**Q** 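Sharing a structure here in structure tokens format.
For the single chain, residues carry numbers from 1 onward in sequence order. It should be emphasised that the depicted structure is a prediction, and the values quoted were computed from it without experimental measurement. Hydrogens, waters and symmetry mates are skipped; everything else that's a heavy atom, side chains included, is used.
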Amino acid sequence: MQDKPIVTIICLCYNQQDYVLESLFSVINQSYSTIELIIVDDYSTDNSKATIEKWLVNYPEIQFIANEANLGNTKSFNKALKIAKGQYIIDLAADDVLLPNCVSLQLNAFKNTAYKNLGIVYGNTELISENGEFHSYYFAVDKSKKVMENRITGNIYVSVLSGGDSICSVSSMVKKSVFDSLQGYDETLAYEDLDFWIRASRHFEFDFIDEILIQKRIVANSLGTDFFKKNDSKSKKINYSTYLILKKAIALNKTREENKAILKRIHFETILAYKTSNMILMIKYIVLEIKLRSTIC
């Protein structure tokens with residue numbers, strides 16, 4: 001690894017006028033300085049675009065993409081990825097905050113790794129409220145703020161499939177070569193992270209940094225809440241994307257163990273479809289499970 005590799009941080013903004021400046025300042029105030037910042041406003045309907053443009057007057061070297069229509073996270077990110085010059089990439093939401101040593105710690109993990117095919121490093125996250133007050137940690141910590149349960153590292157494909165060992169995606173740094181080999185995010189999906197982690201873990205190793213790297217803001221209208229809404233059109237779109245992701249994953253599987261792991265996820269998603277009154281999706285999952293079990297047998 002070069003002594004001072006470029007790290008590209010892609011900051012995606014959509015209606016985050018109250019938080020975007022704190023997020024942007026957290027990038028330029030990193031202890032590591034060789035950073036390329038690319039900001040994308042995804043056709044916000046609040047004052048996000050004007051707020052960013054006013055801030056950029058003092059930072060003319062920073063690239064800004066203002067979408068002329070709402071494209072969604074996957075397309076907006078890929079748009080910025082095409083012009084990124086960094087060897088490493090961070091996907092940053094405009095309401096989250098990088099802690100000052102975040103980038104340095106991530107780069108050190110890549111530099112000092114024992115893994116030969118390391119593609120992604122991630123750490124722990126402090127969850128904060130809309131007004132910035134402490135809420136909790138993504139992974140439970142002890143008095144020294146170290147995780148109480150060891151994380152699985154290296155080949156984590158089976159773990160990602162089952163859903164039993166989640167990844168704190170907001171705290172991750174990814175080699176640009178990983179994004180290039182996977183052709184970025186899948187733009188046909190309503191959300192990006194699960195599909196990307198499955199595809200990435202199939203081919204690359206992961207490592208964990210036992211440090212708090214970022215503050216993630218918990219907001220009322222976050223994507224995470226949409227998975228569990230009953231009789232909701234957005235919820236149906238998101239949960240159908242999960243179904244498509246799991247179908248893709250089955251095609252990547254090579255062993256009986258991997259197929260058994262994904263059965264756990266399918267079981268969970270079947271119950272979720274029932275709880276959200278999405279009967280059509282529930283039937284699709286039941287059919288998918290029957291087919292997969294017959295393959296295993």
**Q** Would the number of heavy atoms belonging to other residues, nucleotides or ligands and lying under 6.0 Å from OH of Tyr43 be above 12?
**A**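 12 or below, so no.
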**Q** Could you see if Leu105 belongs to whatever hydrophobic cluster contains Leu98? Use Ile, Leu, Val, Met, Phe, Trp, Tyr and a side-chain cutoff under 4.5 Å.
**A**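 Both belong to a single hydrophobic cluster.
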**Q** Are Ile10 and Val97 co-members of a hydrophobic cluster defined by side-chain heavy atoms under 4.5 Å apart?
**A**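 As far as the 4.5 Å side-chain criterion goes, Ile10 and Val97 are not connected within one cluster.
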**Q** If you apply the rule side-chain contact (heavy atoms from CB on, under 4.5 Å), what do you find for Thr34 with Val7, and how did you get there?
**A** CA-CA 7 Å; Thr34 313; Val7 175; over 6 Å; no
**Q** Where is the tightest heavy-atom contact between Ile156 and Ser201, given as atom of each residue plus distance?
**A**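 Minimum heavy-atom contact is CG1-CB, 4.0 Å.
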**Q** So with a 6.0 Å cut-off around NZ of Lys146, is the heavy-atom count from everything else above 12?
**A**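 Atom NZ in Lys146 is packed in, count exceeds 12.
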**Q** To the nearest 0.5 Å, how far apart are CG in Asn70 and CG in Asp42?
**A**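 Between atom CG of Asn70 and atom CG of Asp42 there are 4.0 Å.
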**Q** Does this structure show an ion pair linking Lys248 with Asp186, if we count only N-O contacts that are shorter than 4.0 Å?
**A**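 Salt bridge between Lys248 and Asp186, a charged N being under 4.0 Å from a carboxylate O: yes.
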**Q** What residues form a side chain to side chain contact (heavy atoms under 4.5 Å, CB included) with Lys82, not counting sequence neighbours?
**A**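 Expected list: none.
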**Q** side-chain contact (heavy atoms from CB on, under 4.5 Å) between Thr125 and Leu213: does it pass, once the steps are laid out?
**A** CA-CA 6 Å; Thr125 293; Leu213 301 180; 5.9 Å; no
**Q** Please find the pair of heavy atoms, one from Arg199 and one from Leu182, that lie closest to each other, and give the distance.
**A**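 Heavy atoms only, the tightest pair is NH1-O, 2.8 Å.
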**Q** Does the ring center of Phe77 lie less than 6.0 Å from the ring center of Phe179?
**A**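 Centroid distance Phe77-Phe179: below 6.0 Å, so yes.
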**Q** Would you find a donor on one side and an acceptor on the other, under 3.5 Å apart, between the side chain of Tyr115 and the backbone of Asp207?
**A**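 No; zero donor-acceptor contacts below 3.5 Å.
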**Q** If we ignore hydrogens and angles and just use 3.5 Å, is the side chain of Asn124 paired with the main-chain N or O of Phe139 as donor and acceptor?
**A**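 Present.
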**Q** Considering residues, nucleotides and ligands other than Lys260, do more than 12 of their heavy atoms fall under 6.0 Å from its NZ?
**A**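 Open.
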**Q** If you round to the nearest 0.5 Å, how far is OG1 of Thr295 from CG of Asn253?
**A**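 Output value for this atom pair is 10.0 Å.
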**Q** Hydrogens and angles aside, do Ser177 and Asp180 bring a side-chain donor and acceptor to less than 3.5 Å of each other?
**A**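 Absent: no donor and acceptor within the cut-off.
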**Q** Evaluate the side-chain contact (heavy atoms from CB on, under 4.5 Å) criterion for residues Gln87 and Ile6: first the C-alpha distance (whole Å), next the side-chain angles of each, then the deciding distance (0.1 Å), finally the verdict.
**A** CA-CA 6 Å; Gln87 294 97 310; Ile6 298 172; 3.5 Å; yes
**Q** Not counting sequence neighbours, list each pair that qualifies as a ring-ring contact (aromatic ring centres under 6.0 Å, His included) and has a residue in residues 9-31.
**A**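 Every pair satisfying ring-ring contact (aromatic ring centres under 6.0 Å, His included) with a residue in residues 9-31: Phe25-Trp55.
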**Q** Give, for atom CG of Asn112 and atom CG of Leu118, the distance between the pair rounded to the nearest 0.5 Å.
**A**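 Reported value, rounded in 0.5 Å steps: 11.0 Å.
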**Q** Nearest 0.5 Å, please: how far is CD1 in Ile214 from OG in Ser171?
**A**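 The OG atom of Ser171 sits 7.0 Å away from the CD1 atom of Ile214.
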**Q** Looking at Ile209 and Gln106, what are the two nearest heavy atoms and their distance?
**A**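 In terms of heavy atoms, the two residues are closest at CD1-CA, 3.6 Å.
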**Q** Using the rule that Ile, Leu, Val, Met, Phe, Trp and Tyr join whenever any side-chain heavy atoms are under 4.5 Å apart, tell me whether Leu244 and Ile262 fall into a single cluster.
**A**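 Yes; tracing contacts between hydrophobic side chains, which count when under 4.5 Å, links both residues.
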**Q** Has Ser129 got a side-chain atom pairing as donor or acceptor with Glu133's backbone, closer than 3.5 angstrom?
**A**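 Yes, the answer is positive, given that a donor and an acceptor are paired below the 3.5 Å cut-off.
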**Q** Minimum heavy-atom separation for Pro100 to Gln30, with atom names?
**A**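 So the two residues come closest at O-OE1, 3.1 Å.
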**Q** How far apart are the closest heavy atoms of Gly184 and Leu81, and which atoms are they?
**A**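 It is CA-CD2, 4.0 Å.
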**Q** CG of Asn47 to CD of Gln17: how many Å apart, nearest 0.5 Å?
**A**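 With rounding to 0.5 Å, CG (Asn47) is 5.0 Å from CD (Gln17).
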**Q** Check whether any side-chain heavy atom of Pro5 sits under 4.5 Å from a side-chain heavy atom of Phe110, and report yes or no.
**A**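 In short, these two side chains do not touch, never coming nearer than 4.5 Å.
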**Q** Please round to the nearest 0.5 Å and tell me the distance separating atom OH of Tyr137 and atom CG of Asp142.
**A**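 Answer rounded to 0.5 Å: 10.5 Å.
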**Q** Under a 3.5 Å distance rule, please check whether Asn117 uses its side chain to pair with a backbone N or O of His203 as donor and acceptor.
**A**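 Yes, Asn117 side chain to His203 backbone: donor-acceptor pair under 3.5 Å.
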**Q** Please answer whether the main-chain N or O of Leu189 pairs with a side-chain N or O of Ser241 as donor and acceptor at a distance below 3.5 Å.
**A**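 Side chain of Ser241 to backbone of Leu189: no pair is present.
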**Q** What's the verdict on side-chain contact (heavy atoms from CB on, under 4.5 Å) for Tyr157 and Ile198, showing C-alpha distance, side-chain angles and the deciding distance?
**A** CA-CA 7 Å; Tyr157 181 68; Ile198 290 173; 3.9 Å; yes
**Q** Is Glu269 salt-bridged to Lys264, cutoff N-O under 4.0 Å?
**A**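 No, Glu269 and Lys264 are not salt-bridged.
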**Q** Would you call Glu258 and Lys254 a salt bridge, using N to O less than 4.0 angstrom?
**A**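 Between Lys254 and Glu258 there is no salt bridge, as every charged N stays at least 4.0 Å from the carboxylate O atoms.
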**Q** If you define the side chain from C-beta out and look only at heavy atoms, does anything of Ile83 sit under 4.5 Å from Ile65?
**A**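 Yes, at least one pair of side-chain atoms sits under 4.5 Å.
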**Q** Please check: side-chain N/O of Asn15 versus main-chain N/O of Thr45, any donor-acceptor pairing under 3.5 Å?
**A**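 Checked: pair present.
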**Q** When you check the side-chain N and O atoms of Asn239 and Ser235, is any donor under 3.5 Å from an acceptor?
**A**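 Per modelled atom types, Asn239 and Ser235 side chains form a pair under 3.5 Å.
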**Q** Quick check: closest heavy atoms across Asn155 and Glu205, and the distance to 0.1 Å?
**A**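 In terms of heavy atoms, the two residues are closest at N-CG, 4.4 Å.
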**Q** So, does Asp41 use its side chain to make a donor-acceptor pair with the main chain of Ser48 at under 3.5 Å?
**A**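 No, the answer is negative, given that no donor and acceptor are paired below the 3.5 Å cut-off.
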**Q** What verdict does the side chain to side chain donor-acceptor pair (under 3.5 Å) test give for Ser76 and Asn67, after you've listed the backbone C-alpha separation in whole Å, the side-chain angles of each residue and the deciding distance to 0.1 Å?
**A** CA-CA 8 Å; Ser76 294; Asn67 290 344; 3.0 Å; yes
**Q** Would you say Arg217's side chain and Ile128's backbone share a donor-acceptor pair under 3.5 angstrom?
**A**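 Answer holds: no.
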**Q** Any sub-3.5 Å donor-acceptor pair from Arg151's side-chain atoms to Phe208's backbone N or O?
**A**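 Checking the backbone N and O of Phe208 against the side chain of Arg151, no donor-acceptor pair under 3.5 Å is found.
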**Q** Between Tyr185 and Asn73, is any side-chain donor less than 3.5 angstrom from a side-chain acceptor?
**A**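 No, Asn73 and Tyr185 have no side-chain donor paired with an acceptor closer than 3.5 Å.
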**Q** So, do Leu263 and Arg293 sit near enough that their side-chain heavy atoms are less than 4.5 Å apart?
**A**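 Answer yes - side chains close enough.
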**Q** Going hydrophobic residue to hydrophobic residue with side-chain gaps under 4.5 angstrom, can you get from Val158 over to Ile250?
**A**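 The answer is no; the residues belong to distinct hydrophobic clusters.
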**Q** Between Ser104 and Ser31, do the side chains contain a donor N or O and an acceptor N or O under 3.5 Å apart?
**A**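 Yes, Ser104 and Ser31 have a side-chain donor paired with an acceptor closer than 3.5 Å.
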**Q** Using modelled atom types and a 3.5 Å cut-off, is there a donor and acceptor pairing between side-chain atoms of Arg202 and backbone atoms of Leu252?
**A**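 Confirmed, Arg202 side chain pairs with Leu252 backbone.
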**Q** With a 4.0 Å cut-off, would you call Lys236 and Asp232 a salt bridge?
**A**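 No, Lys236 and Asp232 are not salt-bridged.
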**Q** Tell me whether Lys49 at atom NZ has more than 12 heavy atoms from other residues, nucleotides or ligands lying less than 6.0 Å away.
**A**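 Atom NZ in Lys49 is not crowded, with 12 or fewer foreign heavy atoms closer than 6.0 Å.
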**Q** Just say parallel, tilted or perpendicular for the rings of Tyr122 and Phe206, cut-offs at 30° and 60°.
**A**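 Taking Phe206 first and then Tyr122, their aromatic rings stand perpendicular (interplane angle over 60°).
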**Q** Considering the options Asp46, Ile52, Asp95, which one meets the side-chain contact (heavy atoms from CB on, under 4.5 Å) requirement together with Gln16?
**A**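 Among Asp46, Ile52, Asp95, the one that satisfies the side-chain contact (heavy atoms from CB on, under 4.5 Å) with Gln16 is Asp95.
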**Q** Does atom CD of Glu149 have more than 12 heavy-atom neighbours from other groups under 6.0 Å away?
**A**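 No.
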**Q** What about Ile39 and Ile28, same hydrophobic cluster or not, with Ile/Leu/Val/Met/Phe/Trp/Tyr joined at side-chain heavy-atom distances under 4.5 Å?
**A**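 In one cluster with Ile39: Ile28, yes.
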**Q** Hey, what else clusters with Met282 if you join Ile, Leu, Val, Met, Phe, Trp, Tyr whenever side-chain heavy atoms sit under 4.5 Å?
**A**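 Same cluster as Met282: Tyr274, Met279, Ile286, Ile290.
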**Q** Please check if any side-chain donor atom of Glu187 sits under 3.5 Å from a side-chain acceptor atom of Thr74, or the reverse.
**A**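 Not at all, the side chains of Glu187 and Thr74 share no donor-acceptor pair under 3.5 Å.
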**Q** Is it true that atom CD of Gln183 has more than 12 heavy atoms of other residues, nucleotides or ligands lying nearer than 6.0 Å?
**A**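 No, because the 6.0 Å sphere around CD of Gln183 holds 12 heavy atoms or fewer from other groups.
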**Q** Check whether Tyr32 forms a cation-pi arrangement with Lys4 (NZ or CZ under 6.0 Å from the six-membered ring centre, at most 45° off the ring normal).
**A**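 Geometry flag: set, cation within 6.0 Å and 45°.
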